[in-house]
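So you know, we letter chains A, B, ... as the sequences are listed, proteins then strands, and number each from 1.
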Amino acid sequence: MRATQLHLVTYRNDPADAEVLSHRLMARAGYIHKLSAGLYVYGPLLWRTLKKVQDIVREELDGIGGLEVQLPILQDQALWEKSGRWDLYQASRTMLSTQDRKGTTYGLAPTAEEVVTDYAGATIKSYKQLPVSLYQIHTKFRDEIRPRFGLMRVKEFLMKDGYSFDADEAGLDARYEAFRGAYVRIFQRCGLEAFGVDADPGDIGGSGSMEFMVAADAGEDAILIEESSGYAANVEKAESRIAPSPSEGDAARPMRREHTPDIRTVEQLEGFFPEISADRMVKTVLCKAVHIDSEQPWAVLIRGDQEVNEVKLRNHTGGLGIKMLTDTEIESLTGAKPGFAGPVGLPEAFEIVADHSVRGMVNLLCGANTTDEHCLDVNLGRDCPMPTFADVRTARAGEPGPRNGDPLIERRGIEVGHIFKLGTKYSAAMGATFTDPNGKPQPLVMGCYGIGVSRVAAAAVEQQSDDLGIRWPVPIAPFEVVVACLSVKDEELVAAAEGLYAQFREAGIDVLYDDRKMGAGAKMKDLELMGFPFLVYVGRSWKQDGQAEVRDRPAGEKTLIAKDEVFETIARSVRSQRRGLLPE
RNA sequence: CGGGGCGUAGCGCAGUCUGGUAGCGCAUCUGCUUUGGGAGCAGAGGGUCGUAGGUUCGAAUCCUGCCGCCCCGACCA
C-alpha cells in the first residue's frame, strides 16, 4: 500500500476533549474521528488494526469449535420480555429503543443473549447436537450514561460476543475453560499484557464470571492481586482478611448512652472518644435498594475503619442498584439527623445486614438513632437483634489476601473481555430446551463470552505508547513495516525505497510505502505518531554510507543498518514478533 | 439525572468583563526557494461567532429559552 492512497490525516494539536493518552493519540494520528458523544468514525488505519484483532479472535475461537454467525441488532421487546430483561434494561436506560412503522418496539442490541437463546432453542432439539458454540463480531449499542475516553467508553462499539450451549454443568465447565484458554491466547497474540480476574457478573447474571484486564495505569478498574496464590479480583468483588476488632474477647459491659453534640463521622467520634479507636465502632450506612418498581431501605453495619462495597451490597439486596438515602429521608425514617444511625432501636422499615467485620465485636460504639446521641458498650444480639452477616466490605491494597494472607497489591486495568457461566438462566426463562437421552426436555446450559474488540485497540495504545506516539504491537499494527523515502525528488533514493518496498511485499510482510511529498522531519514525526512498529528511512545515510536508518519501536531503538541487510534484519524481527506475547 | 464549565474557520485558541470593521497559530490552496527531526518567503481561500427570540441606532459581546459538547459522581466490552 502506498501512503498517498491511504487517506492519512494527522493533526499537530490534541483535540480539546481528549483526556486520556489513547484518545489523544488516536485522534491526532487520524485513527478516529468523533461524530458526536460516544460515536466515532473508524478511519482506514484503525480498521486495519481492528481487522487484525478480529482475525486473531476468529482463529482462536474457531480453534475451540466456535461457529461464526451474525445476529440482528434490532431485537423486539417481546423477546426481551421473555427473559425478563426488558424492564431491567429500560430501567437502567442502557438499551435504546425505537418503533417501526407498525408500532412494534425494538431495542438496539446491547448484547444478544435473548436472540441467540431463541435461535438455539429453535434449532437445537437433541442432546446429540450438543455442544454448540456460536459467536459474532458485530456492533453493539449501549446508551452509556457518560461516554468518554475516546474509544474506551463509547455508545457504539465493536464487540465479539460468543455463547455456548451444553447439556449439563460439566459441559459448561469444559466450554468455559476452553473459552478462558482461548481468551488468554487471544490477548497474548495481540501482544498485550492481560490477566484474568474474578469479577461480578452484573446485569448479565450467572454463577461464575471472569474479567480480562489489559494492565494500564489509566484503566477504569482497580484489581487486587495476591501474588503468592495467583488470586486476582476486581475490587468490586475482591475479598481480604482483616485483623479482628481489638474489642473481641473483652467482657461485656452494660450499654449506656452519651450526649455527642454534632459528632457525626467516625473521625469526629475518634476525636470525641480518644480511647475508642475506629475499629471498635460500628457505622451504620443507610441506603435503599432500587428495584424495578419499588425501593427498600437498608441499614448496613460495618466496622468504623472499613468501607461498604456497593456492588457486593447490591448483590446481597437483590436490587438493580443502591442509592444513599438523602438527609431528609434519613430524618423521616429514623427520627434522627444524619450521623446518628445505629442498630439499636432502628425502625422496622429497614432491612439490616452486617458486614463480617462486625461479627464478634464487643462493647461497640454506634449511633443511637437520636440526634446528638451515641450508644456505648453495645453488644449485638443483646441490645438489638442479631443481624445477618454478609461480605459487603471493600477490600483494600495492603490487606492480607484471602488465600495465603499475603498483602494485596493494587493494579489498574482496562476491561477488554468478560466471560460468564450463565447456566440455565436464559434458556429456562425462554423455554430453550433440548431432549435428553431419557426423552425429557432440559434447558440448555449456557455460557457467554465477550471481547470489546474496539476497546482492545484503545487498550493497546494505552498500554504501549511511548513519547513518540502510538506503538502498536506487531500483530495488530495497521502495517508491520513502513518504508519511507525521505527525499522523493531523488530518483536514486526513490528507486531504492521502491525496491525495498517490493522486497517486503513479496516476502508477505504487511508493508506501507510512504511516498508522500513532505519534509523528512515531518514525515518521520508523522510515522512515529501513527505507531508503526518498524520504520525504514531511505535518505541521506543511504546515499552517503549505504545505510538505512531504522526505527525499531518495540525495542525503542534507532539504528543504522547496511542497505543489503535491512530487509533480512527487519523481516526477521517482524516474523519473531508476530506471535505477540504467546509463549513458544 | 445532580454539580461545574464550554460552544468564534478543518484543529487549537484570543476577542465577551467595558456593545462599534471577526482575529491569531496550525492545517488547506498557488508560486518560488528548501529537503534528516513537524522548513522559508510571497499570495489566496475558508465564518449565518451553536440556535431561536429579546434589549439596542448598532450584539460574537448584554438578557431569556432551546440544542450540542466537555469535566466530577452512579453503568459496562
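- For Leu529(A), the listed nucleotide lying nearest its side chain is G38(B); candidates were C75(B), C76(B), G38(B).
- Rounding to whole angstrom units, CG of residue Leu493(A) and P of U35(B) are separated by 14 Å.
- U16(B): no Watson-Crick or G-U partner with both key distances under 3.5 Å is found in any strand.
- The side chain of Asn13(A) approaches G12(B) more closely than any other nucleotide in the set G37(B), C76(B), G12(B).
- Figure legend. G46(B) is base-paired to no nucleotide; pairs are counted as Watson-Crick or G-U wobble with both atom distances under 3.5 Å.
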Check: protein-nucleotides 27-34 of chain B nitrogen or oxygen pairs below 3.5 Å:
unit_1 : atom_1 : unit_2    : atom_2 : d
U34(B) : O4     : Lys489(A) : NZ     : 3.4

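- Pairing for G53(B) is with C63(B), a Watson-Crick or G-U wobble pair whose two hydrogen-bonding atom distances lie under 3.5 Å.
- Side chain to side chain, Arg85(A) and Tyr426(A) meet the donor-acceptor criterion of an N or O pair below 3.5 Å.
- For Val41(A), the side-chain contact (heavy atoms from CB on, under 4.5 Å) criterion is met by His33(A), not counting sequence neighbours.
- Remark: Arg551(A) pairs with Glu528(A) by the salt bridge (Lys or Arg N to Asp or Glu O under 4.0 Å) rule, at least two apart or across chains.
- For the P atoms, the distance linking U8(B) with G54(B) amounts to 24 Å, nearest Å.
- Between Leu45(A) and Phe479(A) there is a side-chain heavy-atom pair separated by less than 4.5 Å.
- Closest to the side chain of Tyr11(A), out of A77(B), C11(B), G38(B), is C11(B).
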Could you please spell out the steps behind the salt bridge (charged side-chain N to carboxylate O under 4.0 Å, His left out) verdict for Glu68(A) and Lys160(A)?
CA-CA 10 Å; Glu68(A) 188 170 4; Lys160(A) 186 287 296 178; over 6 Å; no
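- Of all the residues in residues 180-192 of chain A, not one reaches under 4.0 Å from RNA chain B with any non-hydrogen atom.
- Here the P atom of nucleotide C75(B) and the CD atom of Glu211(A) are 13 Å apart, to the nearest Å.
- Under the Watson-Crick and G-U wobble criteria, each requiring two contacts below 3.5 Å, nucleotide A27(B) is left unpaired.
- Of the side-chain N and O atoms in Arg148(A), one or more sit less than 4.0 angstrom from OP1 or OP2 of C72(B).
- Remark: side-chain polar atoms of Asp355(A) are paired, donor with acceptor, to backbone N or O of Val392(A) under 3.5 angstrom.
- For the pair Met95(A) CE and C76(B) P, the computed distance is 14 Å after rounding to whole Å.
- Between G50(B) and C6(B), the distance separating the two C1' atoms is 11 Å to the nearest Å.
- Without hydrogens or angle criteria, Lys563(A) side chain to Ala496(A) main chain gives no donor-acceptor distance under 3.5 Å.
- Among residues two or more places apart in sequence or in another chain, the salt bridge (Lys or Arg N to Asp or Glu O under 4.0 Å) test is passed with Glu81(A) by none.
- Straight-line distance between the P atoms of G46(B) and A22(B): roughly 15 Å, to the nearest whole Å.
- Taking atom P on both C72(B) and C63(B), the two are 28 Å apart, rounded to the nearest angstrom.
- With sequence neighbours left out, the salt bridge (Lys or Arg N to Asp or Glu O under 4.0 Å) criterion links Arg553(A) to Asp466(A).
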Tabulated below should be each protein N or O lying under 3.5 Å from an N or O of nucleotides 5-7 of chain B; please produce it.
none

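- A donor-acceptor pair is defined here as one N or O able to donate and one able to accept, closer than 3.5 Å; no such pair exists between the side chain of Asp161(A) and the backbone of Gly450(A).
- If you check every strand for non-hydrogen atoms under 4.0 Å, Gly417(A) touches sugar and phosphate atoms only.
- The nearest whole Å value for the distance from the CD atom in Glu144(A) to the C1' atom in A74(B) is 12 Å.
- Using a 4.0 Å heavy-atom distance criterion, Asn234(A) is classed as making no nucleic acid contact.
- Here salt bridge (Lys or Arg N to Asp or Glu O under 4.0 Å) pairs that include residues 320-330 of chain A, with residues two or more places apart or in two chains, are Lys288(A)-Glu329(A).
- In this structure, CD of Glu528(A) is placed 11 Å from P of G38(B), rounded to the nearest angstrom.
- Applying the Watson-Crick and G-U wobble criteria (two distances, each under 3.5 Å), C6(B) pairs with G68(B).
- Rounded to a whole angstrom, the distance from the C1' atom of U21(B) to that of G15(B) is 14 Å.
- Residues from residues 15-44 of chain A placing a heavy atom under 4.0 Å of any atom in RNA chain B, listed by number, are Pro15(A), Ala16(A), Asp17(A), Glu19(A), Arg28(A), Lys34(A), Ser36(A), Ala37(A).
- A distance of about 11 Å separates the P atoms of C49(B) and A59(B), rounded to the whole Å.
- Distance Arg153(A) CZ to C70(B) P: 14 Å, rounded to the nearest Å.
- At a threshold of 4.5 Å between non-hydrogen side-chain atoms, the residues Ser541(A) and Leu560(A) count as touching.
- In this structure, a donor-acceptor pair under 3.5 Å is absent between the side chains of Glu267(A) and Thr265(A).
- Rounded to an integer number of Å, the gap from CD1 of Ile419(A) to C1' of C76(B) is 17 Å.
- Between the CE atom of Met524(A) and the P atom of G38(B) there is a distance of 9 Å, rounded to whole Å.
- Counting any heavy atom pair closer than 4.0 Å across all strands shown, Val214(A) reaches no nucleic acid atom.
- Between U51(B) and G7(B), the two C1' atoms lie 11 Å apart (nearest whole Å).
- Partners of Arg148(A) according to the salt bridge (Lys or Arg N to Asp or Glu O under 4.0 Å) rule, which considers only residues two or more places apart in sequence or in another chain, do not exist here.
- Under the side chain to side chain donor-acceptor pair (under 3.5 Å) criterion, the residue pairs touching residues 482-494 of chain A are Asp490(A)-Lys543(A), with sequence neighbours excluded.
- Here Asp490(A) lies out of heavy-atom contact (under 4.0 Å) with every strand.
- The side chain of Arg146(A) contributes an N or O atom lying less than 4.0 Å from OP1 or OP2 of C71(B).
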Atom pairs and distances, side-chain donor-acceptor, residues 9-18 of chain A, under 3.5 Å, sequence neighbours left out:
unit_1   : atom_1 : unit_2    : atom_2 : d
Thr10(A) : OG1    : Asp526(A) : OD1    : 2.6
Asp14(A) : OD2    : Arg24(A)  : NE     : 3.1
Asp17(A) : OD2    : Lys34(A)  : NZ     : 2.6

